Protein chains: 2
Amino acid sequence: MDKDKIDKKDHILDVAERVFSDLGFDGASTRMISGEAGVNMAMLNYYFGSKEGLFLAVFERKISSFQTLLQNIGNDESISSWDKLEKCIDNYVDRMIVNNCFQKLINREMSMGKRWDLTDKITEILMINVMELKKIFEEGIKNGSFRKDIDPELMIATIFGTKNYIINAPHIASLMLGHDIRDEKFLEEKFKPRFKTYMKQLLKSYLMNDNDYNK
Amino acid sequence: MDKDKIDKKDHILDVAERVFSDLGFDGASTRMISGEAGVNMAMLNYYFGSKEGLFLAVFERKISSFQTLLQNIGNDESISSWDKLEKCIDNYVDRMIVNNCFQKLINREMSMGKRWDLTDKITEILMINVMELKKIFEEGIKNGSFRKDIDPELMIATIFGTKNYIINAPHIASLMLGHDIRDEKFLEEKFKPRFKTYMKQLLKSYLMNDNDYNK
DNA sequence: CCAAACCAATCAATCGTTTGATTAGTTTTG
DNA sequence: CAAAACTAATCAAACGATTGATTGGTTTGG
């Protein structure tokens with residue numbers, strides 16, 4: 001059946017995504033992936049052409065979910081610049097499932113000097129999110145919501161960097177916070193709300209000099 | 001001569017550090033490293049025992065320079081909490097030489113599943129810096145310099161995360177900033193001062209609700 | 001029956017590592 | 001002092017293991 005084939009390919013991609021993000025592209029072997037997925041090794045090449053093709057397929061499956069991330073918040077005229085920013089933060093934090101190893105995958109491969117044809121594509125996608133935020137900042141400056149002398153580019157680095165730090169260094173983050181960050185319950189009930197609150201307060205105080213942190 | 005031997009080992013370590021951080025541990029081959037270093041392949045095992053031993057040696061050479069990073073700023077009673085924090089920021093930013101690939105190395109291997117007994121050692125070292133900052137924050141809260149309701153742990157994530165983001169994603173950062181972040185001149189003359197200013201303003205507004213950003 | 005799906009066996013290439021020989025410099029010995 | 005013994009450094013070559021990829025044939029489903 002066609003359904004089964006898709007399910008099987010999807011299962012392989014699931015396993016590949018996990019193994020790649022645990023061991024990196026070079027560290028993961030096709031035998032390991034096929035073994036854990038319970039399929040013959042030749043199937044990987046049969047379905048995806050090559051190891052690189054498999055890696056690429058892992059990405060392309062996720063790309064769509066990434067692109068929906070930027071749901072044109074910036075173009076909504078009805079809400080203020082700050083509310084847009086708050087919406088973005090909520091969005092990013094909600095999607096910040098540490099177990100989702102895809103983020104680690106991206107960050108690791110982006111930090112490599114090694115050049116994929118993929119690197120440009122990843123860069124391009126990430127830049128869309130960057131530009132989305134930048135637009136909000138610039139709009140906020142223009143309409144007087146935000147201070148004039150802020151540094152939008154570095155703010156973006158702060159937003160993404162803080163999130164990545166938690167994801168990429170879970171050992172450190174767990175030690176810092178006193179709880180295992182990979183614990184789903186803790187993450188969902190305790191950490192995410194705390195992280196949202198913090199991020200909003202941090203940005204608000206920098207952007208607006210507003211002392212009223214209505215909690 | 002003994003001096004020559006040390007120089008040679010150091011040269012191998014220099015090359016290994018660069019290659020490892022460009023290609024990752026798995027991506028880098030001993031042949032490549034020995035080739036670029038201009039030494040026979042067997043010398044790597046002769047000097048360092050194994051590829052893993054070489055990787056370990058790269059780390060241990062840097063560890064000392066890392067440990068001097070925390071020069072007991074926190075224990076200086078004569079300066080205010082905020083000044084301590086400013087000093088820390090200056091310190092970190094000054095050492096943030098993007099060309100120094102060691103940071104990338106650490107971040108990449110830390111994001112991997114625990115492959116090394118070394119992971120614990122790296123964690124330990126990084127935690128010292130974390131604790132140093134934490135101490136400053138807590139002291140500042142206690143003596144009234146900082147607001148009571150700040151989130152010290154996530155602030156630390158912001159400080160390190162923002163820095164790491166620039167280092168780990170130089171492509172993105174360069175596109176964002178409109179200049180190649182790896183350009184030494186731009187980095188030193190333009191970026192570092194800008195980054196320091198931004199970081200201090202960001203922290204100050206969050207920590208102290210101080211609107212006087214005396215620029 | 002035929003094409004698609006699947007698999008065991010195998011490919012050449014590359015991996016990290018080891019080997020045995022050679023060199024050069026130092027120490028020991030007669 | 002000079003010959004002999006020893007040591008560390010270096011090298012080309014080869015090792016077994018593993019890599020990603022491919023083959024040729026078998027099974028399966030429509």
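All of these numbers come straight from a predicted model, not from anything done at the bench. Lettering of chains follows the sequences in order, A, B, ..., and the numbering in each one begins at 1.
Atom CE of B:Met43 is separated from atom C1' of C:dT19 by 15 Å (rounded to the nearest Å). Across the protein-nucleic acid pair, B:Ile12 atom CD1 and D:dT10 atom C1' stand 11 Å apart, rounded to whole Å. When the P atom of D:dT10 is taken as reference, atom CG of B:Leu44 falls 12 Å away, rounded to whole Å.
Among all heavy-atom pairs drawn from B:Leu207 and B:Trp82, the shortest one is CD1-CZ3, 4.0 Å. Contact detail for B:Glu188 and B:Pro193: the closest heavy-atom pair is O-CD, 3.5 Å.
Between the side chains of A:Thr158 and B:Tyr198, at least one donor N or O sits under 3.5 Å from an acceptor N or O. A donor atom on one side chain and an acceptor atom on the other are not found under 3.5 Å apart for B:Thr123 and B:Asp120.
Ring pair A:Tyr165/B:Phe160 is parallel by interplanar angle, where below 30° counts as parallel and above 60° as perpendicular. Relative orientation of the B:Phe25 and B:Phe55 rings is perpendicular, given thresholds of 30° and 60° on the angle between their planes.
Between A:Tyr47 and the phosphate of C:dA5, there is no side-chain N or O to OP1/OP2 separation shorter than 4.0 Å. Of the side-chain N and O atoms in A:Lys8, one or more sit less than 4.0 angstrom from OP1 or OP2 of C:dC6.
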Query raised in the report: What one-letter contact string describes nucleotides 18-26 of chain D from 5' to 3', where B marks a base within less than 4.0 Å of any protein heavy atom, S marks contact via sugar-phosphate atoms alone, and - marks no contact?
Result: -BBBB----
